[in-house]
> 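I am attaching a structure below and will ask some questions about it afterwards.
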Amino acid sequence: MVYNYYPGCTLSTKAKQLDLYAKKAAEALGFELAELKEWQCCGAVYPLVQDEIGTRLSSVRSLAAAAAIDGKLVTLCSACHHVLKRVNSDMAENKEINAKVNAYLELDKPYQGETQVLHYLEVLRDEIGFEELAKKVVKPLTGRKIGAYYGCLLLRPAGVMQFDDPENPSILEDFIKALGAEPVVYDYRNECCGGYIALKDKSSAQNMVSKILTSAANKGVEALITACPLCSYNLQVNAAAAQPLPIFYFTELLAEALGVKEEV
Amino acid sequence: MQKIGVFVCWCGSNIAATVDVARVAESVKSIPGVAFAADYRYMCSEGGQELMQKAIKDYGLSRVVVCSCSPRMHEATFRKAAQAAGLNPYLVEIANIREHCSWVHKDKEVATAKAIALAKAAIAKVKLNTPLVSGESAVVKRALVIGGGIAGLQTALDIAEAGYKVDIVEKTPSIGGKMSQLDKTFPTLDCSACILTPKMVEAATHENITIYTYSEIEKVSGYVGQFEAVIRKKARSVSVDRCSGCGICSEKCPSKKAKSEFDQGLRNRSAIYIPFAQAIPNVPVIDRENCLKFQTGKCGICAKVCPAGAIEYEQEDELVTQKYGAIVLATGFEPIDMAKFGEFNYEYCPDVITSLEFERLTNAAGPTQGHLVRLSDGKKPKSIVFVSCVGSRDTTERGKTYCSKICCMYNAKHAMLVKEKYPDIDVQVFYIDVRTPGKSFDEFYRRAVEEYGVQYTKGMVGKITEEGDHLLVHASDVASGAQLSVPADMVVLATAIKPAADARKLATMLTASIDTNDFFTEAHPKLRPVESPTAGIFLSGVCQGPKDIPETVAQAGAAAVKVLGLLSKDKLLTNPCVATCNEQTCSGCLACEKVCPYGAISAEYKLVNVKGLKERRLIAQVNEALCQGCGACTVACPSGAMDLKGFSNKQIMAEVDAIC
Amino acid sequence: MLAAQSTPDKEFEQLIVAFCCNWCSYAGADLAGTARRSYPANIKIIRVPCSCRVNPTFILRAFLRGADGVIIAGCHPGDCHYTSGNYFARRRMTLLMSMLSFLGVDKARLRVEWVSAAEGNKFAEVMTSFAETIKALGENVKLRDLRCKK
Amino acid sequence: MHLTEKEEAAEILRISGVKADNCMQCGKCSAACPAGAKMDILPHRFVWELMNGRVNNLAASNTLWQCLSCFTCSARCPRGVDPAKLIEAVRLSVIRKQGENRLNVDELPAEIDEMMPQQALVSALRKYNK
């Protein structure tokens, strides 16, 4: 199986590991991530108002490109996934946005939101299956207490993202279980890390991150996993007074459990 | 030539403000057959009816059309009025120019034109109406009440007291319902069990009442006055006759891991169990899923210890068939599931509980003997937060759009009971609005604030987190516009209520209407609140909509009165709008028989007059007592022989022609 | 896609016939009235005991007489007052729709909807959306008996 | 063309696509807003002002710059109102005016560190700059 793949800008620079481990793990699991030829930055934040058309265009170009191949597009970065998925939903549901975007882009075939945007985790859960994944694990992470840090963008708004229960998600816990480790549920796993506020107001980010880390540590979490480069950054850099925890991209643990981490 | 009278109602300004009623009357006058047309302020009033009756006599009217509100509202009224003036009641047609016209259109021109079109359709139809005569059917003098909570018990008792037989079918092992789980009741704070148990005993000992517990309705057929229900008596595995209720079996039962349904899962029960001390009947039931004897074949201890030899492992479900004149639905409610509301941490924190769990926790007969303690560590809480509207007034797919109605009052009750017993516990209630209409209700709530010092904060709770050994309630204070983080040892969620899970299944079985929330629909929201639109089906208690105990009891009594009104009749008039077969054209193919849901059509050899010759042919025969008048057969009939009285092919075709 | 559609020279006066079953949809229409939920006035309701009472010939007759659309509204599946009438209606109307397609008439001119007695809002929404569909489809020219044209 | 405050509020509601009238002021959006500690106008209050046709004090509020678009408010609202979209609409109405950018490109180098991902820079520029 070959999936169209949208890496996004951060995965080519600061978050290379997220991308590399994902590709290695995919190989071990028997699928391939084929990078879209000419993808552009998704814009990092979803334009929340209806009259922002220009900021939706780059996402639509990638979505349309995937539609022209086989109609599936796999993402890894939470932000890219969020933006692509929501813009895609606008193209399918919002007549006004659809008409304006198509009028501007003049694609060969008007784009109607037909591409299925899949997060890498959804590929694992829905296309491969965690049970299958568990069978392919060669170095189970037995005894490790891992906390899933979901953050915001994968889960909310649930109606559009259709990813998991936004208040009580389980996909990452099931993933951790499949790798042989012990998932630890803590209260702040779906709370915001502060995101881009780290630029303008570090203390806000520090306040939020310390709540997350403390909540996780109190439940006995030994390491956190995430799918988002910005979350990963905040959790590491803005820990402030809280006890720091090792932060991994989920793909790194995946590669480790599949025995392909060393190859990177 | 027909002489048709057309009466256009103003309905005060309800119709007249949007429809030019005079113009409607004027414009139909020229239609052939219309002998009289007039408009009147209120056709349903005595004056309006007199106007119609006078016109029938003065003009020798043979047909009547009333342009007014929905026929579902006043068709019966106008038919009766016409009948009093000597006209067959089925020669009256209604043009619905209120609900379907004046109330949904704003432009007077447009609405008037539509009203005229609807009047013309009714005139076209009424020309083809034929006089119809109702048949009669007998009434079985016995009522069925589905549900043995306070609603069902009250309805059954009222019917039984009037001298009629009633059967109560309750799906759990005991009657009593949700009220038996409650500790105290608002606004009087009297003990729930103290007022309920006497009623349970009264019902159980009443000579006119038969109670089927641990039983469910399997099937219902028939119609008003003549229902037939099949009741499945689930195998109790214990003989009701021999058991003395001593309880040794439960005590000795080695399987004690099942969650007690009655205690909301807060304690375990044995596999053979009586749900609660005052249960009626006071006879245990074996929960076969958890019984070692049934699961492994080994054990059998209960049979060995039972001094009465009442244990019957070989018992099987039993089906009882019974005829009833009327059926009352009293299926009650249950709290919604908290699974979709992860932000309240109900799944992970034992000290976040629902209000019904709180009732069990404060009940002297409950799992803690009434001692208010935390489920996590058994310690007495120093502070409790109550959260209102959890899932109520929620238009997202997580919750219920309606107000659950009882929560504001029980929150005040719970808060007050805590303060009364433990003045040192801090109690805070978070609310969106406090809704306390009802006798002595607002006074009750204010007492919690003014006398007991319960802190009421307007604002919703957004998240509950665990911080060490206590909880942190993240809420907002809407009045001051601030965020609050309130430490609490226990949080009680006032969860929305929803109709019992089997309501939908019963609605389908009984063809009783149900709304989008699965509450049973009443025949009219104001004027017929305890009747289902389906004749002979009545509604009692929360299955019709959220209610507290006083309202439930009042409605239960009202439902009983309606049942008595029905049972006191010896005969009922049947709907004369039934199918009829034209023997001349019937080919005897019996396509009609296959689609009839009531088995009302049979085949019969008959001598038929064909072009002057008598011929013996197979003909479809309609049993008018069984036919309910749906008309399925009329469409299935390939020869067009089958027709429906009151909604005949010609009549509907005439309406189509008049409209198009 | 929208641009491909030609706009008619002038608004045509649509005519829509709605057959409503007495127990659910007619009551739903009543509720729409009680709740003052507006819908286009060119929808005229004919009361039938059950959606299964609607003979396909009534519908064809309406089209012949110049109706631009016909809608059958009945109880939700499983909720039929007569247990199974709406299932008959559904099957019959599916067949009628394919016949309409065969005749070269857009089958969207005929619609079957389930509206319960409690769904006043839905009744108004369904009628409004059907009227929009018919408006987009334009006048019923194909099936109309031109001699019936008023 | 100069809009009155009421017209401006109506315009905000239009471009946001949010039905603010569905709000019943329960305050659930504000209750657990992770950025609420530093907001001068909490989300429920923000919706309330717009429902009542007021926008001027919202445009001057720091809520615009504190909101992180984490959508916690949107996810928990029992009435399907989306406060995050309303905040974004007002924020845009401010930075679309000339000279109102909150973050300029030349300020960036001073704010970033070695580890900071591109995603943060792009997001911040999108949110604070037009």
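Note that these values count all heavy atoms, side chains included, but never hydrogens, waters or copies made by symmetry. Throughout, protein chains are lettered first and strands after them, A, B, ... in sequence-line order, and every chain is numbered starting at 1.
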> Can you check whether anything in residues 466-495 of chain B gets within less than 4.5 Å of chain A, heavy-atom wise, and list it by number?
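So far as heavy atoms go, B/E466, B/E467, B/H474 are the residues that approach chain A to under 4.5 Å.
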> Is a side-chain N or O of B/K463 found less than 3.5 angstrom from the main chain of A/D187, in a donor-acceptor match?
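Yes, because the side chain of B/K463 sits within donor-acceptor range (under 3.5 Å) of the backbone of A/D187.
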> With a strict 4.5 Å heavy-atom criterion, list every residue of residues 188-209 of chain A that contacts chain B, or say none.
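Within residues 188-209 of chain A, the residues under 4.5 Å from chain B are A/Y188, A/R189, A/N190, A/E191.
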> Residue by residue, which of residues 396-414 of chain B have a heavy atom closer than 4.5 Å to a heavy atom belonging to chain A?
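Residues of residues 396-414 of chain B touching chain A at under 4.5 Å: B/R398.
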> Would you say B/K106 has more than 12 foreign heavy atoms packed within less than 6.0 Å of its NZ?
no
> State whether the number of non-hydrogen atoms from other residues, nucleotides or ligands found under 6.0 Å of B/K379 atom NZ is greater than 12.
no
> Has B/K458 got more than 12 heavy atoms of other residues, nucleotides or ligands less than 6.0 Å from its NZ?
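Yes, enclosed.
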> With chain A as the partner chain, list the residues of residues 343-356 of chain B whose heavy atoms fall under 4.5 Å from it, by residue number, and write 'none' if nothing qualifies.
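Within residues 343-356 of chain B, the residues under 4.5 Å from chain A are B/E343, B/N345, B/E347, B/Y348.
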